[in-house]
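The structure under discussion appears below in the form of structure tokens.
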Amino acid sequence: YLRLGEYYHTLGLYTEAIAQYNFALEQLVPSLQDPLFITLNNNIGKVYLSLNNFELAEQHFEETKLACEKLNDNYGLAMSLGLLGASHEKQGEYEEALQHQTRSLELFQKLGEDHGIAMTNENIGSIYEDLGEFDQAFRYFKKAYEYVQGSGSHLETNVLNNLGDVYRKTGDFKAALKRTYTALELAGKLNDGHQLESAFTDLSKTYALMG
């Protein structure tokens, strides 16, 4: 049920995704202290985040955060804090977003969890990019790329697109094209429609700025 929920979410079938996650949760009752509950509850929150239903998303992330604190599950706590940060960022609440992401990054660093460190660095970079602080954004995106370079992952594609974005916004069009074309190639191999769309859009913007 968990895997089906994740699959439906990637297809943008949000009602079906939540239904599958709820089927999975039903198997866990009454043991909501199960580590799987942490994953499922965060995933339901992610679906609501995709729907821009921030109130419901944050309700799930806060529930998960409390469960993680009770279980001393620092990985789950780091994930929940990162997701809360993402929700605040989407709403333009950048101070709260940075607070949550910074705490998430500290936990991932203590755990030595490379994927989490990369993901959170990218999230912080995204906040600074929204704020127009491109030097700071680039620093965090570059740090994220150090952890994912050569991994061939969806996260690597995302980071490459973000690096290309910052290069374009700071007028380095040659570097922007290089990063974005690399992202495009990797997104094609992964059949990642969202990142393909993002790369083509960014290429279009860069070529337009170049005349």
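Just so you know, these numbers come straight off a predicted model, no measurement behind them.
A donor-acceptor contact under 3.5 angstrom links the side chains of S87 and Q91, judged on distance only.
Looking only at side-chain heavy atoms (C-beta outward), M210 and L177 come within less than 4.5 Å of each other. Residues F54 and E93 have side chains not in contact (no heavy-atom distance under 4.5 Å, counting atoms from C-beta outward). At a threshold of 4.5 Å between non-hydrogen side-chain atoms, the residues E129 and K169 count as touching. T64 is not listed as a side-chain neighbour of L83, based on a closest heavy-atom distance of 4.5 Å or more. Contact of the T180 side chain with the L184 side chain is not registered, since no non-hydrogen atoms from C-beta on lie closer than 4.5 Å. By the 4.5 Å heavy-atom criterion applied to side chains, N53 and E55 are counted as neighbours. Residues I38 and L77 fail the side-chain proximity criterion, which asks for heavy atoms closer than 4.5 Å. Annotation: side chain of K178 is not in contact with side chain of K174 (no heavy-atom distance under 4.5 Å).
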Next on the checklist: What verdict does the side-chain contact (heavy atoms from CB on, under 4.5 Å) test give for F23 and L4, after you've listed the backbone C-alpha separation in whole Å, the side-chain angles of each residue and the deciding distance to 0.1 Å?
Outcome noted: CA-CA 10 Å; F23 286 143; L4 280 168; over 6 Å; no
Next on the checklist: Applying side-chain contact (heavy atoms from CB on, under 4.5 Å) to E146 and K143, what does each step give before you reach the verdict?
Outcome noted: CA-CA 5 Å; E146 287 169 13; K143 177 63 73 175; 3.6 Å; yes
Checklist entry - Where do I127 and Q101 land on the side-chain contact (heavy atoms from CB on, under 4.5 Å) test, with the steps shown first? => result CA-CA 10 Å; I127 294 167; Q101 296 292 3; 3.9 Å; yes
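Atom CZ of F200 is separated from atom CG of L203 by 7.5 Å, given to the nearest 0.5 angstrom. Rounded to the nearest 0.5 angstrom, R103 CZ and L81 CG are separated by 5.0 Å.
Linking ILVMFWY residues whenever their side-chain heavy atoms come closer than 4.5 Å, directly or via other members, places L111 and Y147 in the same cluster. Cluster annotation: L105 and V159 are assigned to the same hydrophobic cluster (Ile/Leu/Val/Met/Phe/Trp/Tyr, side-chain heavy-atom contacts under 4.5 Å, transitive). Hydrophobic clustering (ILVMFWY, side-chain heavy atoms < 4.5 Å, transitive): V166 and L209 are in distinct clusters. L56 and L49 fall into different hydrophobic clusters, where Ile, Leu, Val, Met, Phe, Trp and Tyr residues are linked whenever their side-chain heavy atoms come under 4.5 Å apart, directly or through other members. The cluster map of Ile, Leu, Val, Met, Phe, Trp and Tyr, joined by side-chain heavy atoms under 4.5 Å apart, puts L160 and Y207 in different clusters.
Contact between A118 and V148 at its shortest, heavy atoms only, is CB-CG1, 3.6 Å. The two residues A57 and G45 come nearest to each other via the heavy atoms CB-O, 3.4 Å. Considering all non-hydrogen atoms of both residues, S104 and A78 come closest at OG-O, 2.8 Å. Among all heavy-atom pairs drawn from G5 and Y21, the shortest one is C-OH, 3.3 Å. When all heavy atoms of A176 and G164 are compared, the closest pair comes out as CB-O, 3.4 Å. Contact detail for A183 and N161: the closest heavy-atom pair is CB-OD1, 3.4 Å.
In this structure, S80 contributes its side chain and G76 its backbone to a donor-acceptor pair below 3.5 Å. Between the side chain of T120 and the backbone N or O of I117, no donor-acceptor pair lies under 3.5 Å. Checking side-chain atoms of T206 against main-chain N and O of D202 turns up a donor-acceptor pair under 3.5 Å. E122 places no side-chain N or O within 3.5 Å of a backbone atom of F141 that could act as its donor or acceptor partner. At least one donor-acceptor pair under 3.5 Å links the side chain of N162 to the backbone N or O of N158. Side chain of E156 to main chain of S151: a donor-acceptor pair is present (N/O by atom type, distance under 3.5 Å, no hydrogens or angles). Distance alone, capped at 3.5 Å, places no donor-acceptor pair between the T102 side chain and the Q99 backbone.
Applying the salt bridge (charged side-chain N to carboxylate O under 4.0 Å, His left out) test to E6 and every residue at least two apart in sequence or in another chain returns R3.
For E197, the CD atom counts as loosely surrounded, since its 6.0 Å shell holds 12 or fewer non-hydrogen atoms of other residues, nucleotides or ligands. Within a 6.0 Å sphere centred on CG of D135, heavy atoms belonging to other residues, nucleotides or ligands number 12 at most. Within a 6.0 Å sphere centred on NZ of K90, other residues, nucleotides and ligands contribute more than 12 heavy atoms.
Note on K65 versus E62: salt bridge recorded, some NZ/NE/NH1/NH2 to OD/OE distance being below 4.0 Å. Salt-bridge check for K189 with E185: passed, with a basic side-chain N closer than 4.0 Å to an acidic carboxylate O.
Listed by first and then second residue, the ring-ring contact (aromatic ring centres under 6.0 Å, His included) pairs that reach into residues 67-104 are Y75-F108, H88-H100, sequence neighbours excluded.
Ring geometry for Y140 against Y128 counts as parallel: the plane angle stays under 30°, on a 0 to 90° scale with 60° as the upper cut.
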